[in-house]
Every structure is written in structure tokens, then in C-alpha cells.
Peer 1: 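Please see the structure below; I have some questions.
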Amino acid sequence: MVSMTKEQMISYLYDYANLQDMIFNNKNESVVKLFNEYAFKHFIYVHDTEPNYYDVMRRVYIAYNIFRYFSIIEDFLLNRDDFLSNNDLNGLEIGCQIIEAPHDLTNKRIIQLIRNAFNHNDSNDVDRFKISVNGKYFEINFKDIRTQKEIDNGVKPKPVRIKFDIQYLLKVLNIISKKRQNLLYLSFDIPTDFNIYSSDLDSELDKIKFVHYYFPKKMDKSTVHKLYDLTDVKGLDDNQLIERSNETNEYARQINEPIRYDLDSSQKDKLKDMITRYLNGNKPFSVDDYLGMCGVMYYFLSKVIPVPGLKIEDLEQQILICDAYLIDTNLSLDEILNRILRVINKGAKPDYYDEIDCEIHDTLAVKKDNFSRKLFLNCLDGEFYQVLPYMTFIDAVVTHYYNEPTIEINGEIYDREKIRNSFVHQRWYLDKDLNVCLFDADPRNINDYDLELVGKINVMGFLEWAIKCYKKNNFSEKTNKHSFI
């Protein structure tokens with residue numbers, strides 16, 4: 001496979017982040033107009049022979065986020081726990097090209113190797129993870145996957161090379177999601193007397209608890225399916241939603257009592273800032289009744305809890321924007337927001353929608369109602385729309401490119417491996433002052449909220465570091481000034 005270099009992959013991610021920044025700051029301008037301005041300014045077509053740069057850039061960003069999503073699921077099911085049986089994975093090898101592998105390579109091991117290649121791609125002797133030059137195919141490559149025991153026993157080296165496309169990875173995600181023998185269930189306890197308009201939000205936020213249900217053992221399929229069914233709230237009215245929530249929590253408690261966590265001062269400061277800005281803004285969704293208030297507060301709370309399970313929906317929505325709405329480059333962000341709002345309001349599809357427009361509308365319409373509302377709020381939020389693509393770029397620099405033992409930013413020294421762990425396991429959040437708060441933890445799921453703060457780094461400083469440590473392929477010519485809303 002003819003693959004792009006790590007530098008090219010990272011450059012695509014940086015260009016995408018810059019484009020999203022431009023789109024957010026020019027909400028009524030078409031994507032194609034803004035991209036052409038960016039491409040002209042940075043000589044993209046001079047420095048790159050790929051004629052479909054925009055499409056490849058989108059493919060790389062979509063793929064990176066799908067691999068990060070996949071890593072969360074695999075990490076939960078297989079990393080230190082064993083919530084997936086190899087017998088349930090028959091047929092997984094169909095759809096990928098196994099170029100080289102030992103005869104005893106199991107399907108479960110294939111899943112683990114895909115994750116490891118993506119997340120441990122800083123080896124000096126081999127690129128474990130590669131993307132083809134058109135962004136359509138991926139290859140994982142290990143010189144030797146022997147265990148230490150096999151090495152000690154004189155077993156010959158076991159090299160592995162596997163090639164696949166994004167549809168195969170989505171197939172793997174679908175299979176392991178269906179065959180999993182455990183699941184994540186996270187919730188928030190917001191009392192009915194919570195007053196979002198209070199002048200003493202500190203006291204009000206002390207009432208809220210992050211509720212984490214830990215299911216430490218394999219569960220039978222009927223239990224997993226029951227929890228899935230209970231969390232499907234599509235089409236329920238307000239009273240039914242409250243009843244379903246109570247029923248789900250009661251069923252989960254029968255499996256294992258949850259642990260309830262308080263919010264710390266940094267989390268509360270961020271929440272107070274988000275609440276104040278929301279109440280002083282247009283308030284697209286009402287918070288004057290309990291259920292409406294809970295919907296908005298759940299959205300805010302998901303932004304300050306550094307556990308991977310609460311990153312999944314943001315990853316899905318980053319993928320959806322890039323994979324769906326940015327296909328039509330004639331759209332502006334304002335028009336994208338109107339299309340999302342049309343789904344939320346159960347509006348009919350206009351006559352001018354083409355086949356792709358209709359497919360995107362229907363895809364969003366079949367999801368849970370709160371998914372569309374969260375997507376709308378996310379597209380209004382600079383942290384989601386601007387900062388997260390830059391965080392993906394920084395993630396790629398740390399994970400795939402930079403391999404020194406320490407990172408120095410603004411005079412502070414950080415352990416690079418712990419920072420990498422934070423990105424790999426998605427244990428981070430953005431605080432009120434736009435610092436990324438990065439955490440490390442025991443990889444076993446039962447201890448995933450026993451967090452060690454490994455760094456609180458200003459996003460601007462982190463971005464500047466990532467750009468400076470990567471200057472190949474005339475990358476410095478693409479350095480922009482950044483300001484986040």
C-alpha cells in the first residue's frame with residue numbers, strides 16, 4: 001500500500017481544524033468559499049499533488065475520530081477486562097486483507113492489534129499504523145507480536161500486516177457492540193429543587209452528583225439487551241422520560257450499586273460559566289421546566305466529566321458534521337444549523353433537498369431527540385466546533401509524531417507518556433479558562449474515575465507547541481493566528 005507520511009496525516013488534521021475555525025467565524029459564508037480562500041493562502045495545491053485535497057482531508061479527519069471512538073470501545077471491552085468472547089467474533093476476519101500473520105492469530109487479537117497500532121504509533125523502527133495516500137485504506141504493521149513467554153521459549157518472530165478500509169472498521173465496531181458482555185452506564189442526579197437561575201450557583205451545583213454504575217463482571221445477553229432497551233427513549237413524552245429514567249436506574253442498581261461523585265471546584269467554575277452564558281444568550285431550548293433544565297444541564301455536565309464514555313457522543317457528532325454536512329460545500333454553518341433545527345422541530349424535508357440531503361435528514365431524525373439538540377448546541381459552541389478539531393491535531397502530534405520522554409510548554413515540563421494516555425483514554429476536559437485538564441488512571445474500568453491530574457495546559461500554548469515541534473513539509477507556512485470564541 002502506498003501510504004501518506006505521518007507528517008501528511010497530521011497536516012490534513014491541522015488544515016481541517018483551521019477550516020472549521022474559519023467556518024465558525026464566518027457562519028454565513030459557504031464552506032467552498034472559505035476552503036478556496038484557505039487553499040490559496042497556504043498554497044495547498046502547490047505543495048500537494050493530490051487533486052482532491054478537500055476530500056482526503058475529510059477522510060483523514062473522519063478516520064482519526066472513528067479510530068479514537070473504536071479505541072474507547074475496545075479499551076473498555078478488552079484492555080484490562082474481558083467483556084468479549086472470541087467465540088462470538090466468527091467472521092471478523094472477512095473484509096480485511098491479512099497480508100502476513102501467524103496461524104494462531106485470533107479475531108480478538110486482531111481487534112487488540114488495530115487499537116494498539118493506532119495508539120502506539122511512535123516506534124522508530126516501523127510505522128505501525130498507516131493511511132493510504134487517498135485516505136481510503138489503513139494498514140497495521142507489527143514486526144513481532146510474541147509474548148515475553150513465547151520469546152523465552154524460543155518461538156520464532158510473529159510479524160503481522162493487515163490492510164482494511166473504514167467500512168471494515170465500522171463492521172468491527174458493530175460486531176463488538178452487539179456481542180459485548182458488558183456496557184457503560186453513566187448518569188447525573190439532578191434534584192427537582194435545582195434552581196438554574198439561582199444567584200448562588202455554587203450551592204446549587206453541590207446538589208448534583210455524577211452517578212457511575214460499575215458492572216465488573218460479564219453480563220448475560222438478556223441483561224445487556226434489557227439495559228439497551230431501557231435507554232432507548234425515542235418518542236417518549238416528558239412524563240414517560242422521567243418514568244423511564246427511574247426504571248433504568250432501578251434496574252441498574254439491581255446489578256450493582258452505583259458510586260456517586262461530587263463536582264470539584266474546577267468543574268463547578270466551568271458549569272457556572274456555561275450556565276451564565278446560556279441564560280444571557282438566546283436560550284434555544286427552555287430551562288423553565290424540570291425536564292428541559294435537565295436536558296441542558298446534562299449537556300453541560302458531559303463537558304466537565306473526564307471519562308471516555310462521555311466523549312463518545314461528541315466524537316459521533318464530529319464525524320457526522322464532517323462526513324455528512326460538509327459533503328455539500330455550498331452550505332454555510334448557518335444553513336447547517338437550520339437543517340439540524342428542522343429535524344428537532346419535526347419539520348418536513350423541503351422540495352429542494354436532494355437524495356443526500358434527505359439521507360442526512362433521515363439519519364438524524366431516527367436518533368434520540370436529545371442527540372439532535374446536543375448537535376445543535378455543539379454547532380453553536382466554539383469549544384466543540386473550533387477547539388475539538390485542534391485537539392485532534394494535538395492528539396495526533398503527541399500520539400503519532402512526538403516521541404521524546406517529556407513535553408515542555410510555557411516553562412512547564414510534562415510526562416509525554418501520561419499526556420498520551422490521557423488522549424488515548426479520553427480522560428480530559430476543557431476548563432473555564434480554556435485549559436485542557438489532562439488525567440491518567442488505572443486502565444481497569446473499575447478504577448476509571450480514580451484520576452491523577454497530569455497536566456493543566458492552556459489550549460493556545462498546547463497548540464503553539466504542537467505546531468513548533470512539527471515543521472516538516474513547509475508546515476510552518478500554514479501557521480495561523482488563532483482565537484477561540
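Residue numbers run from 1 in the order of the sequence given.
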Peer 1: Could you check I166 against L169 for side-chain contact (heavy atoms from CB on, under 4.5 Å), going step by step and ending with a plain yes or no?
Peer 2: CA-CA 5 Å; I166 205 67; L169 188 63; 4.2 Å; yes
Peer 1: If you measure from the Lys or Arg side-chain nitrogens to the Asp or Glu carboxylate oxygens, is any gap between R420 and D395 under 4.0 Å?
Peer 2: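 Result for this pair is no, no salt bridge flagged.
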Peer 1: Aromatic rings F76 and F83: how do their planes relate, parallel, tilted or perpendicular, breaks at 30° and 60°?
Peer 2: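 Correct class here is tilted.
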Peer 1: Do the non-hydrogen side-chain atoms of L78 and K108 ever get within less than 4.5 Å of each other?
Peer 2: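 Touching, per the 4.5 Å side-chain cut-off.
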Peer 1: Under a 4.5 Å cut-off applied to non-hydrogen side-chain atoms, are V397 and C469 in contact?
Peer 2: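 Counting from C-beta outward, V397 and C469 do come under 4.5 Å.
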Peer 1: Could you tell me whether D75 and R115 make a salt bridge, using a distance below 4.0 angstrom between a side-chain N and a carboxylate O?
Peer 2: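 Yes, D75 and R115 are salt-bridged.
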Peer 1: Of the non-hydrogen atoms in Y64 and T392, which two are nearest, and what is the gap between them?
Peer 2: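 Reported closest heavy-atom pair: CD2-CG2, 3.6 Å.
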Peer 1: Hey, what's the ring geometry for Y16 with Y61, parallel, tilted or perpendicular (30° and 60° as the breaks)?
Peer 2: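 Taking Y61 first and then Y16, their aromatic rings lie parallel (interplane angle under 30°).
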Peer 1: Considering only heavy atoms from C-beta outward, does the side chain of I407 approach that of E412 to under 4.5 Å?
Peer 2: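 Side chain of I407 against side chain of E412, heavy atoms only: no contact under 4.5 Å found.
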Peer 1: Angle class for the F129/F118 ring planes (parallel below 30°, perpendicular above 60°, tilted otherwise)?
Peer 2: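 Ring orientation of F129 relative to F118: perpendicular.
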Peer 1: Do the side chains of R109 and D104 get close enough for a salt bridge, i.e. N-O under 4.0 angstrom?
Peer 2: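 No salt bridge links R109 with D104.
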Peer 1: Check this for me, if you would: do R58 and D55 make a salt bridge, where the nitrogen-to-carboxylate-oxygen distance has to be below 4.0 angstrom?
Peer 2: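 Yes.
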Peer 1: Name the residue from L263, L186, V296 that meets the side chain to side chain contact (heavy atoms under 4.5 Å, CB included) definition with L301.
Peer 2: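 Testing L301 for a side chain to side chain contact (heavy atoms under 4.5 Å, CB included) against L263, L186, V296 leaves exactly one candidate, L263.
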Peer 1: Is it the case that the side chains of E139 and S3 hold a donor-acceptor pair, with the cut-off being a distance below 3.5 Å and no angle test?
Peer 2: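 No.
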Peer 1: Side-chain donor-acceptor pair under 3.5 Å between D15 and Y53, yes or no?
Peer 2: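 Short answer, yes.
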Peer 1: Please confirm whether W465 and Y402 have ring centers closer than 6.0 angstrom.
Peer 2: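 Judged by ring-centre distance (under 6.0 Å), W465 and Y402 do meet the cut-off.
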Peer 1: Mark yes when over 12 heavy atoms from residues, nucleotides or ligands other than E452 sit less than 6.0 Å from its CD; otherwise mark no.
Peer 2: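 Counting other residues, nucleotides and ligands, CD of E452 exceeds 12 neighbours.
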Peer 1: Using side-chain heavy atoms (C-beta onward) and a distance below 4.5 Å, is I413 in contact with E408?
Peer 2: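 The answer is yes, as the side chains (C-beta and beyond) meet within the 4.5 Å cut-off.
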Peer 1: Pair K158, E150 - check salt bridge (Lys or Arg N to Asp or Glu O under 4.0 Å), show working.
Peer 2: CA-CA 10 Å; K158 294 182 175 182; E150 288 176 323; 2.8 Å; yes
Peer 1: Using 30° and 60° as the class limits, which term best fits the ring planes of H42 and Y38: parallel, tilted or perpendicular?
Peer 2: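 Ring orientation of H42 relative to Y38: tilted.
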Peer 1: Can a side-chain donor-acceptor contact be found between N28 and S332 if the only test is distance below 3.5 angstrom?
Peer 2: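 Distance-only check fails for S332 and N28.
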Peer 1: With a 6.0 Å cut-off on the ring centroids, do H120 and F142 count as close?
Peer 2: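 No, the ring centres sit 6.0 Å or more apart.
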Peer 1: Of all the heavy-atom pairs spanning V56 and N134, show the shortest one and how long it is.
Peer 2: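 The pair with the smallest heavy-atom distance is CG2-O, 3.8 Å.
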Peer 1: Taking atom CG of D152 as the centre, report whether more than 12 heavy atoms of other residues, nucleotides or ligands fall under 6.0 Å from it.
Peer 2: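 Count over threshold, so yes.
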Peer 1: For a 4.5 angstrom cut-off between non-hydrogen side-chain atoms, does R339 reach I360?
Peer 2: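 Heavy-atom side-chain distance check fails, nothing below 4.5 Å.
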Peer 1: Check for me whether K456 meets the cation-pi criterion with W428, that is, NZ or CZ under 6.0 Å from the six-membered ring centre and within 45 degrees of the ring axis.
Peer 2: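 Judged by the rule, K456 and W428 form no cation-pi pair.
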Peer 1: Does D273 come within less than 4.0 Å of K270, counting only side-chain N to carboxylate O?
Peer 2: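 No salt bridge links D273 with K270.
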Peer 1: Is the charged tip of K33 near the ring of F35: under 6.0 Å from the six-membered ring centre and within 45° of its axis?
Peer 2: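 Negative - K33 is either too far from the ring of F35 or too far off its axis.
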Peer 1: Looking at I72 and K311, what are the two nearest heavy atoms and their distance?
Peer 2: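 Looking at all heavy atoms of both residues, the closest pair is CD1-CB, 4.3 Å.
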Peer 1: Go through the steps to decide whether D269 and K432 satisfy the test salt bridge (Lys or Arg N to Asp or Glu O under 4.0 Å), and finish with yes or no.
Peer 2: CA-CA 6 Å; D269 285 344; K432 179 178 72 70; over 6 Å; no
Peer 1: Would D440 and K418 pass as an ion pair if we require N to O under 4.0 Å?
Peer 2: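 Yes, charged N to carboxylate O under 4.0 Å.
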Peer 1: Just wondering, do E417 and P405 contact through their side chains at under 4.5 Å, heavy atoms?
Peer 2: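 No; the side chains remain at least 4.5 Å from each other.
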Peer 1: Classify the ring geometry of F67 against F138: parallel below 30°, tilted from 30° to 60°, perpendicular beyond 60°.
Peer 2: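 Geometry flag for F138 against F67: perpendicular rings.
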Peer 1: Hey, does the Lys NZ or Arg CZ of K374 hover above the aromatic six-ring of F371, less than 6.0 Å from the centre and inside 45° of the axis?
Peer 2: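 Not satisfied by the 6.0 Å and 45° rule.
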Peer 1: Would you call I145 and L105 a side-chain contact if the rule is heavy atoms closer than 4.5 Å?
Peer 2: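 Yes, their side chains come closer than 4.5 Å.
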Peer 1: Kindly check if the number of other-residue, nucleotide or ligand heavy atoms within 6.0 Å of CG (L170) is above 12?
Peer 2: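 More than 12 within 6.0 Å, yes.
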Peer 1: Please examine the side chains of L438 and L453, heavy atoms only from C-beta on, and report whether any two atoms are closer than 4.5 Å.
Peer 2: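 SC-SC contact between L453 and L438 ruled out.
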Peer 1: Name the orientation class of the two ring planes belonging to Y278 and F300 (parallel below 30°, tilted from 30 to 60°, perpendicular beyond 60°).
Peer 2: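 Ring orientation, 0 to 90° scale: perpendicular.
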Peer 1: Is any side-chain N of the basic residue among D264 and K268 closer than 4.0 Å to the acidic one's carboxylate O?
Peer 2: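 Judged by the 4.0 Å cut-off on N to carboxylate O distance, D264 and K268 do not form a salt bridge.
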Peer 1: Specify the closest pair of heavy atoms between L333 and C379, including all atoms of both residues, with the distance to one decimal.
Peer 2: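 Closest heavy-atom pair between L333 and C379: CD2-O, 3.9 Å.
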Peer 1: Do you know which two heavy atoms are closest between S302 and F188, and how far apart they sit?
Peer 2: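 Shortest heavy-atom separation between S302 and F188 comes out as N-CZ, 4.2 Å.
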Peer 1: What pair of heavy atoms forms the shortest contact from E100 to P159, and how long is it?
Peer 2: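 So the two residues come closest at OE2-CG, 3.2 Å.
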Peer 1: Identify which one of I321, N25, L380, N378 satisfies the side chain to side chain contact (heavy atoms under 4.5 Å, CB included) criterion when paired with Y385.
Peer 2: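 One option only clears the test, and that one is I321.
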Peer 1: Are K163 and Y137 in a cation-pi contact, defined as NZ or CZ under 6.0 Å from the six-membered ring centre and within 45° of the axis?
Peer 2: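 Yes, a cation-pi geometry holds between K163 and Y137.
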Peer 1: Look at R427 together with D448 and state whether they make a salt bridge at an N to O cut-off of under 4.0 Å.
Peer 2: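 Not counted as a salt bridge, because no side-chain N and carboxylate O are separated by less than 4.0 Å.
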